[in-house]
There are 4 protein chains.
Amino acid sequence: MALTGGTEPRVRRAAVNLFADKGFHGTGIRELAQAANLSSASLYHYMGTKEDLLAGIMRDALTRLLDAAGEIAGSTADPRARLAKLVALHVCTHALRPAETQVVDNEVRSLSEPARHEVVRLRDAYEEQWALAISDGMAAGRFVAGDPGVTRRALLEMCSGVARWYSPHGALSLDDLAAQYAALALRALGCVDRASGADLATAGEIVARVWGLPS
Amino acid sequence: MALTGGTEPRVRRAAVNLFADKGFHGTGIRELAQAANLSSASLYHYMGTKEDLLAGIMRDALTRLLDAAGEIAGSTADPRARLAKLVALHVCTHALRPAETQVVDNEVRSLSEPARHEVVRLRDAYEEQWALAISDGMAAGRFVAGDPGVTRRALLEMCSGVARWYSPHGALSLDDLAAQYAALALRALGCVDRASGADLATAGEIVARVWGLPS
Amino acid sequence: MALTGGTEPRVRRAAVNLFADKGFHGTGIRELAQAANLSSASLYHYMGTKEDLLAGIMRDALTRLLDAAGEIAGSTADPRARLAKLVALHVCTHALRPAETQVVDNEVRSLSEPARHEVVRLRDAYEEQWALAISDGMAAGRFVAGDPGVTRRALLEMCSGVARWYSPHGALSLDDLAAQYAALALRALGCVDRASGADLATAGEIVARVWGLPS
Amino acid sequence: MALTGGTEPRVRRAAVNLFADKGFHGTGIRELAQAANLSSASLYHYMGTKEDLLAGIMRDALTRLLDAAGEIAGSTADPRARLAKLVALHVCTHALRPAETQVVDNEVRSLSEPARHEVVRLRDAYEEQWALAISDGMAAGRFVAGDPGVTRRALLEMCSGVARWYSPHGALSLDDLAAQYAALALRALGCVDRASGADLATAGEIVARVWGLPS
DNA sequence: GATGAATGAGGTTTCATTCAT
DNA sequence: CATGAATGAAACCTCATTCAT
């Protein structure tokens, strides 16, 4: 199931980077056109309004994330492994697609209805996978999580931060990054035994496939 | 040492809420004036440019945060207790001043030089207190932190998220919130013994004092 | 007959300099207030509107000039001497009061009716003295002037230019300046015999008296 | 070598007339748009800022004037004829292009750096041609000029005044105007013999050619 | 006298968008 | 496909001016 997303790639690529960098309201149409090597009038051949463009970006990114999470949830019974993979998925996605994820994380407020509602629904569905993993782990006596809602939010935000600073060209490999975050999350949940690194690779592969990235 | 902050309170209050809510570029001058019960021309009696207003807000908030962190660092030798208090400080600040903290966390990019540089310097000085607590704890063999820079960022982002959702009118008390985040952080750092909750109250008091809040 | 002019000297002095320097429309009220060491609200104790201020400045300067010209015309029968003195008067006034004269010369257009009309009337009355001197000289066979209107305008503009560049602190004395301009004008009018320098001193004295300047 | 000048003619034409008439600061953008039969937003298709427009006008006008002066200087050895032609050039330019020349003469102050510097440089280069003609004439014993700098300024200002009042629809022909000014200038310089009127026609032709005017 | 506070109108410039070519 | 031309609305900010204190 290919998720091409509709909009011309040049335009979407330019938009995602600019929206991530300067925010939706901080990005002008001409700026966008210039980044896409197009005149501002030509832009409108490839998109509806500026807001439609934003909505498309967010829907696309969230759908990919949700698909990946569903795949992990459907194939991983053990709550510890499942949560570790969700962490790896979230971290890898934010590391490899920092622009898209920052837009998703920061620009919901720039959407007006009904697009906002739809995006929020997707995001909630995605977070529900985290909620399930946490509650399953607590029910199984594996996790110590205090208020599970608080914990879920804390862990999600922790992982989302990656998009703000991680560079694939730096010293830290993506695998190590994912492993460290998984370890942090599991320890925070009270698991003293380590998570198996082997499983985390799966998450990285899913991310690559879902986004059409090499290897 | 009173930190009055300069700009007329009405204006600053309105600005901080709008900037937090809709972003700097998403907030218009007329909107701001209306929220401050002023004409848009009158606004300019109380501020320089819109960006000056933003810079003032950020400088003020970061200075308060930095002062509080310095106070904690100066009075708490044990790295575990120190980190727990820093977590409590960060969480309480984000819970009680969600508008200011979100502006600080999201709008650095909207600043142009030289204000940006100054704000970044303040933020770095603040994060340095976290870095010291973590490296002290690792040197003392109390923390297991993998790459300490990654850990620092992960924990900071985790705590910052509070500003996005916590409400003091909800079921969760501020003390419980701070305690849960401190527990999450210490466990993530590999401390299995619990942090003493007694100390955390100190952080709440500092926050209240530094921001001039009741109790 | 003292010509105090009404407006507080501080204000008028500041205004005249700014209007000369940046033009009427290029000068803001706050700028003016700052130059007069007053708040912009306080300005309005000393003046009506900004345009009233301009009109007052122009009326005052033109009245002084007109008085001086009348005095010269009334006391100098010979057209050559009369014109030489008018030149000296015009040049000295522009050299010693460059701000006032530039405002008079450049800002008539910034006046609206009825003030404009009044100022134009004064200016025309002043120029009439030049016209009389020239036509008297032609009638007496002393001047060769082609179209006398053209000549009058040419000579007036020639002399007015002094306000743009002459500095009393430079190498050229005021007397020399006046003498050179008088010589230029008389030669342009076809008088090959020199103008008597002694008379020109009279013009300088009149300027000083009319403007209340030392010596 | 065509000097088309860049900006859309409609806009430049409107601007030059308004700037001449009401001054740069006295001319509003909406006024300008209306005069160009454009909305104020559309104006910005054809220009950068209002100041860019002014700078373009001044650069263009000064370049034409400088070119013409260079041509005259290069082709006229005798200082008397040269000065007469420069006078004719200056007078004709001011008579035929009163708007452009008034803007050049009055609005240098409205320019900010670096445009101001550039314009001043052009103006100085132009005035240098006058300075050379005068000093050549003095060296050759043809001119009596007192302080040559004073004389240069006096003659230039005398001629510039034409833009303020001459109308090609009046009784005075352009040729007569130029001839009279040349005669005034040469007499002022102490030349009692008349300048040859034949040469002056050259100046008129150059002006027409340089500005793309008929005949 | 003097001024801080206030404002309606207007300043220049940019916005997202449309449409004829 | 692509774009230059065009625009109404709105952006931020400054204007000259008034008035209660």
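Each chain gets a letter, A, B and so on, in the order its sequence line appears, and its residues count up from 1.
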**Residue mapping more 5' on DNA chain E - nearest nucleotide basis, B:Arg10 or D:Gly48** =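 With D:Gly48 and B:Arg10 compared, the 5'-side residue is B:Arg10.
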**Message:** Against D:Asp105, only a single residue in D:Arg164, D:Arg123, D:His94 fulfils side-chain hydrogen bond (donor to acceptor under 3.5 Å, both in side chains); can you say which?
**Reply:**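 By the side-chain hydrogen bond (donor to acceptor under 3.5 Å, both in side chains) criterion, D:Asp105 pairs with just one of D:Arg164, D:Arg123, D:His94: D:His94.
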**Request:** Report the distance from atom CG of C:Leu122 to atom CG of C:Leu62, rounding to the nearest 0.5 Å.
**Result:**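 Here the interatomic distance stands at 5.5 Å.
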**Asked** To the nearest 0.5 Å, how far apart are CG in D:Asn17 and CG in D:Asp21?
**Response**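 Rounded to the nearest 0.5 Å, the CG-CG separation comes to 7.5 Å.
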What's the [atom1]-[atom2] distance between [X] and [N], to the nearest Å?
{"X": "A:His45", "N": "E:dT18", "atom1": "NE2", "atom2": "P", "value": "12 Å"}
{"X": "B:Leu53", "N": "F:dA11", "atom1": "CG", "atom2": "P", "value": "16 Å"}
{"X": "D:Met47", "N": "F:dG4", "atom1": "CE", "atom2": "P", "value": "19 Å"}
{"X": "C:Glu8", "N": "E:dA2", "atom1": "CD", "atom2": "C1'", "value": "12 Å"}
{"X": "A:Lys50", "N": "E:dT18", "atom1": "NZ", "atom2": "C1'", "value": "17 Å"}

**Item:** Nearest heavy atoms of A:Ser39 and A:Ala33, plus distance in Å
**Value:**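 It is C-CB, 3.7 Å.
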**Item:** Closest heavy-atom pair and its distance - A:Met58, A:Val103
**Value:**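 That closest heavy-atom pairing would be CE-O, 3.6 Å.
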**Item:** Other residues, nucleotides, ligands: >12 heavy atoms within 6.0 Å of D:Gln34 CD
**Value:**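 No, the 6.0 Å shell around CD holds no more than 12 heavy atoms from other groups.
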**Prompt:** When Watson-Crick pairs (N1 to N3 and N6-O4 or O6-N4) and G-U wobble pairs (N1-O2 and O6-N3) count only below 3.5 Å on both distances, what is the dot-bracket string of DNA chain E, with | for other-strand pairs?
**Reply:** .||||||||||||||||||||
**Carboxylate-amine/guanidinium contact D:Arg64 D:Glu100, below 4.0 Å** =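 Salt bridge flag = no for D:Glu100 with D:Arg64.
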**Request:** Examine F:dC1: is either OP1 or OP2 under 4.0 Å from a nitrogen or oxygen in the side chain of A:Tyr46? Give yes or no.
**Result:**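 Negative; the distance criterion is not met.
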**Request:** Return the residues of residues 18-44 of chain C meeting this criterion: a heavy atom under 4.0 Å from some atom of DNA chain E. Order them by number, or give none.
**Result:**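 Under 4.0 Å from DNA chain E: C:Ser39, C:Ala41, C:Ser42.
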**Message:** Looking only at the side chains, is there a donor atom on one of C:Ser112 and C:Glu51 sitting less than 3.5 Å from an acceptor on the other?
**Reply:**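 Per modelled atom types, C:Ser112 and C:Glu51 side chains form a pair under 3.5 Å.
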